[in-house]
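Positions are given from 1 along the sequence. Remember, it's 1-based here, ligands and their atoms both numbered in the order they're listed.
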Amino acid sequence: MRMWIASTVLGGIILKPIIFSGMQATGVPSLGNYIGAVKNWVALQQDYSCLFCVVDMHSITIRHNPTEFREKCRELLTLYIALGLDPQEHIVYFQSHVPAHAELAWILNCFTYMGELGRMTQFKDKSQKHEDNINAGLFTYPVLQAADILLFDTKLVPIGHDQKQHLELCRDIATRFNKIYGDIFTIPQDYIPPVGAKIMSLQEPTKKMSKSETANPNNVIYLLDPPNVISKKFKRAVTDSFNRIENNPEEQPGVTNLLTIYACATNQTVEQAATELANIGGYGNFKTKVGDAVVAMLEPLQKRYYELKADTAYIDEIISNNANRANQLAQTTLTKVKNAIGFIPK
Ligand code: TRP
């Protein structure tokens with residue numbers, strides 16, 4: 001497998017279809033991000049050639065603190081490797097290390113209409129939230145995202161529901177460009193995992209567990225929460241007064257969420273987990289059991305994270321090596337695009 005990326009870089013044959021995934025380094029990833037997304041990505045590495053990109057250029061569309069930001073970006077990349085994303089056979093890198101993202105984004109800006117960007121619901125939401133900073137980058141954010149994806153002949157993009165509109169726009173831009181200049185871009189598709197468990201908030205189990213939750217940290221299990229904090233948060237999780245352990249999202253959202261988490265942590269189906277725990281004797285025991293299972297799943301990953309983090313030289317090397325490989329890969333499409341639109345070759 002190591003072969004293919006190397007051979008692609010050398011102009012050889014790509015053996016597997018490409019997956020591109022971009023993520024922002026805001027907040028510490030949560031148990032919801034791990035179970036709902038990253039765990040699936042780890043599995044996808046078998047059948048696809050993957051690029052996992054920390055999209056730091058997207059993040060500056062919102063005001064931020066540079067020192068914290070630097071730490072967060074490095075933390076996210078290190079954490080992803082600890083969780084099982086493989087920087088040898090695949091590519092895990094920072095967007096800002098590959099200038100081709102910005103170059104292609106500029107070109108695609110000239111093939112995207114104001115009207116299209118004005119319809120993006122994320123733009124509307126973010127402009128409302130950040131009324132004092134509705135900058136042009138926020139407006140063209142989806143064009144940079146399209147560039148991320150199109151740069152690498154991406155076939156599949158694993159995304160949540162909130163990113164569907166951006167992917168649809170990316171497909172429109174690519175199709176428009178191809179109509180004018182021939183088959184330059186691969187048209188990407190979204191990838192929604194077959195069993196994408198959605199993990200809900202521990203205190204308000206009808207809402208999604210969100211890593212950007214700031215109001216009440218008891219809602220969220222952060223992947224780097226120490227074991228005693230994890231146990232405590234599960235003990236405080238909201239349940240109900242039915243006193244039965246069942247997969248019943250409508251009537252028992254809290255219990256169902258805990259059951260789902262337990263099932264994921266122990267690699268069972270929710271039904272199997274319900275059968276196993278049916279007679280555990282009260283919600284107190286139930287919550288302890290779920291907490292223990294999550295600690296058992298996360299402890300080795302956290303240990304690996306702290307080991308990697310301490311090995312600064314190793315992470316530095318991964319950062320630089322992965323950026324080089326991404327840079328080389330990106331040149332193929334970028335050169336095709338530049339030729340197509342009539343830029344004079346260097
Ligand atoms: N906009 C995405 C988000 O907020 C992040 C992102 C940037 C992305 N570029 C991407 C996701 C390319 C998938 C593919 O979640």
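The protein residues lying under 4.0 angstrom from ligand 1, judged by non-hydrogen atoms, are Phe20, Gly22, Gln24, Val55, His58, Tyr141, Gln145, Asp148, Ile149, Val157, Ile159, Gln163.
By the 4.0 Å N-to-carboxylate-O rule, Glu299 lies too far from Arg304 to be salt-bridged with it.
Closest non-hydrogen pair, Leu44 versus Cys50, comes out as O-SG, 4.3 Å.
Considering only residues two or more places apart in sequence or on other chains, Glu251 meets the salt bridge (charged side-chain N to carboxylate O under 4.0 Å, His left out) condition with Arg244. Remark: His101 pairs with Tyr93, Phe152 by the ring-ring contact (aromatic ring centres under 6.0 Å, His included) rule, at least two apart or across chains. In this view, Lys233 and Asp225 satisfy the side chain to side chain donor-acceptor pair (under 3.5 Å) rule, not counting sequence neighbours.
When each of Thr288, Leu258, Asn243 is checked for a side chain to side chain contact (heavy atoms under 4.5 Å, CB included) with Tyr283, only Asn243 meets the rule.
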